[in-house]
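Worksheet for the structure shown next.
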2 protein chains.
Amino acid sequence: MIVDAAMRVMGAEGLDAVSMRRVAHELDTGPASLYAHVRDKRELHELMLDAAMRDIPVPEPDPERWQQQLKQLGLDQARIMVRNPGIARIAMETLIPTTPGILVTMDAMLGIVRSSGLPARLVPPACDGLALYVTAFAYEASLWSSAQDSEARKRLEEINAYLDSLPADRVPHLVAMREHFRGEGIDHFEFMLDVFIAGLAAQVNASTSPAAPATEPRTGSRGR
Amino acid sequence: MIVDAAMRVMGAEGLDAVSMRRVAHELDTGPASLYAHVRDKRELHELMLDAAMRDIPVPEPDPERWQQQLKQLGLDQARIMVRNPGIARIAMETLIPTTPGILVTMDAMLGIVRSSGLPARLVPPACDGLALYVTAFAYEASLWSSAQDSEARKRLEEINAYLDSLPADRVPHLVAMREHFRGEGIDHFEFMLDVFIAGLAAQVNASTSPAAPATEPRTGSRGR
DNA sequence: ACCTGAACACCGTTCAAGT
DNA sequence: ACCTGAACACCGTTCAAGT
């Protein structure tokens, strides 16, 4: 009931409104009562994270399709966080979530990357990194949506006006590429997922065929 | 003086201790006095971000070395944020920093990526994405270091104990790869930078030579 | 223009006392 | 075991009043 009430408040008024006092009030009691069921606010946050993320569909790893599967999983994670603004911030703050639902998703990601043929010692770093980027993207996206609509629009106008007034001699590239900054966040995210996965694929090839292979040479960043 | 006092408090006691009241106290005055110089707490944060990031060295873009230059810039940004715990959190929360110091760094990154030959419309998304990942990494790193030492160690032990008790039938990959999770965060970060840059290089090649080239064929993720 | 004291409307958490 | 009222030690921001 506590987690439900907290999720309700977050959905209606954003994560900032989810205080122990506000949640308790929702349940017609005082804040002290919550501490019989929940260690502290951090634990409540972790339970909310689990509630939101528990039902991400996880595929059976298929070595032939690891790239598509990884991208799909990343998109699913981002989608669910963007849909519940506030959850991404909790995920950023939670460091290492240890709640069952999240671990299942992380395990699925490990399974997919493992099936790619990437050396075992690189699989956890790759998954950590990807999960972190997905979370950070969703967090930025929810900053926009969770700000009061009018406030966000005002800030956006301020920024646009500011960008238009930039001195071309101090920041030439910003000025030159100004037009390319307007764009859909989710498209940028998809592009970045592709870039990341292509980079992983290069690592796979580099480790599968350390010497220049005969049939179809591919070059990754060999420099590490 | 206000920004200096705030940086001092953050350095000594962490970002959470940087309240308007605490900073005012540091200056032997009341919290209301600060509002004559600073619009609100968000603006104070932005000024702190600028103070910390203003002197990141920025290279002259060299098309021959864009990969090394990009990696170096990412490492420099991460290093400075990890050195000032709290700055990374401000950077995550600030959405689009509009302060001069930060814009110069962003401009330098745009210049480097532009010199790589990546299509212009992909340059801003790539820089946004890279900057976001760098910031997110530094944020996670500072979560560890900014927690009270004893508290962080306790939490780490809890997590390790928990990971050791995981059921192999529910999360087989987590259990199988457990040993590879212990590792230096900064090494993982460098690996991820390499992966990302290799992915970008693949995109560059894919757009430079859309048909199979003659001399030295390279394959990127052609699928988008 | 800059500063101040006092106030408003909040926080998370603890603790003795109850059932 | 669960709940409660009251309290402790804080927040960001505003505002009338001062210099």
Side-chain angles (χ1 to χ4, degrees), chain A residues 1-49 51 85-87 89-95 143 146-148 150-152 154-155 158, chain B residues 1-49 51 85-87 89-95 143 146-148 150-152 154-155 158:
Chain A
M1 282 173 63
I2 292 175
V3 176
D4 282 355
M7 294 295 281
R8 220 156 48 227
V9 172
M10 187 178 77
E13 303 168 51
L15 183 57
D16 283 329
V18 181
S19 66
M20 299 303 269
R21 297 175 119 95
R22 182 72 178 72
V23 173
H25 181 77
E26 199 77 3
L27 265 24
D28 284 316
T29 181
S33 305
L34 304 184
Y35 288 84
H37 304 91
V38 143
R39 197 206 302 265
D40 53 18
K41 200 185 174 182
R42 211 190 47 69
E43 188 177 297
L44 175 55
H45 277 176
E46 208 168 321
L47 294 169
M48 293 169 72
L49 182 61
I87 287 297
R89 194 174 103 201
I90 295 177
M92 285 297 303
E93 285 165 358
T94 301
L95 209 41
L143 278 188
S146 77
Q148 310 299 28
S150 62
E151 196 193 328
K154 211 177 63 186
R155 177 112 176 96
E158 266 177 44
Chain B
M1 282 173 63
I2 292 176
V3 176
D4 281 355
M7 295 295 281
R8 219 155 50 227
V9 173
M10 187 177 77
E13 302 168 52
L15 182 57
D16 282 330
V18 181
S19 65
M20 299 304 269
R21 298 174 118 96
R22 182 73 177 73
V23 172
H25 181 77
E26 199 76 4
L27 264 25
D28 283 317
T29 180
S33 306
L34 304 184
Y35 287 84
H37 305 91
V38 143
R39 196 205 304 266
D40 54 17
K41 202 186 174 181
R42 208 189 50 67
E43 188 176 297
L44 174 56
H45 277 177
E46 208 168 320
L47 293 169
M48 293 169 72
L49 182 61
I87 287 297
R89 194 174 102 200
I90 294 177
M92 285 297 303
E93 285 164 358
T94 301
L95 208 37
L143 278 187
S146 77
Q148 310 297 31
S150 62
E151 195 193 329
K154 212 176 62 185
R155 175 111 177 95
E158 266 178 42

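Reminder, nothing fancy here: chain letters follow the sequence lines and each chain counts from 1.
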remark   = Out of dT14(C), dT14(D), dT4(D), minimum distance to the side chain of Y35(B) belongs to dT14(D)
inquiry  = Can you check the distance between dA9(D) and dA9(C), where both ends of the measurement are the P atom (answer in whole Å)?
reply    = 23 Å
request  = Would you please test R22(B) and E13(B) for side-chain contact (heavy atoms from CB on, under 4.5 Å) and show each step?
outcome  = CA-CA 11 Å; R22(B) 182 73 177 73; E13(B) 302 168 52; 2.3 Å; yes
Between dT13(C) (C1') and K41(A) (NZ): distance, integer Å = 12 Å
ask   = For dC3(D), does either OP1 or OP2 sit under 4.0 Å from a side-chain N or O belonging to T29(A)?
value = no
Length of the line joining H45(B):NE2 and dC11(D):C1', which is rounded to integer Å = 13 Å
ask   = Just how far, in rounded Å, is C1' of dG12(D) from CD of E93(B)?
value = 15 Å
task = Select one nucleotide: of dC2(D), dC15(D), dT14(C), the one nearest the side-chain heavy atoms of A32(A).
result = dT14(C)
request  = Return the value, rounded to whole Å, for the distance between atom CG of L44(B) and atom C1' of dT13(D).
outcome  = 14 Å
query = Looking only at side-chain N and O atoms, does H37(A) come under 4.0 Å of OP1 or OP2 in dA1(D)?
reply = no
ask   = Partner of dT19(D) by Watson-Crick or G-U wobble geometry, both contacts under 3.5 Å, or none?
value = dA1(C)
message = From the set dC11(D), dC3(C), dG12(C), return the single nucleotide nearest to any side-chain atom of S19(A).
response = dG12(C)
query = Of M1(B), R21(B), R8(B), which meets side chain to side chain contact (heavy atoms under 4.5 Å, CB included) against E26(B)?
reply = R8(B)
key: Watson-Crick or G-U wobble mate for dC10(C), both contacts under 3.5 Å   = none
query = Atom CG of L34(A) to atom C1' of dC2(D): distance rounded to whole Å?
reply = 12 Å
ask   = Below 4.5 Å, heavy atoms only, C-beta onward: do V9(B) and H25(B) meet side chain to side chain?
value = no
query = Tell me: NE2 of H25(B) to C1' of dC10(D), nearest whole Å?
reply = 14 Å
request  = Take atom CZ of R21(B) and atom P of dA7(C), then tell me their distance rounded to the nearest Å.
outcome  = 13 Å
M20(B) CE - dG12(D) P separation (whole Å) = 7 Å
remark   = In short, E43(A) meets V38(A) closest at the heavy-atom pair OE2-CA, 3.9 Å
request  = Answer yes or no: is there a donor N or O on one side and an acceptor on the other, between the side chain of D4(A) and the main chain of M7(A), under 3.5 Å?
outcome  = no
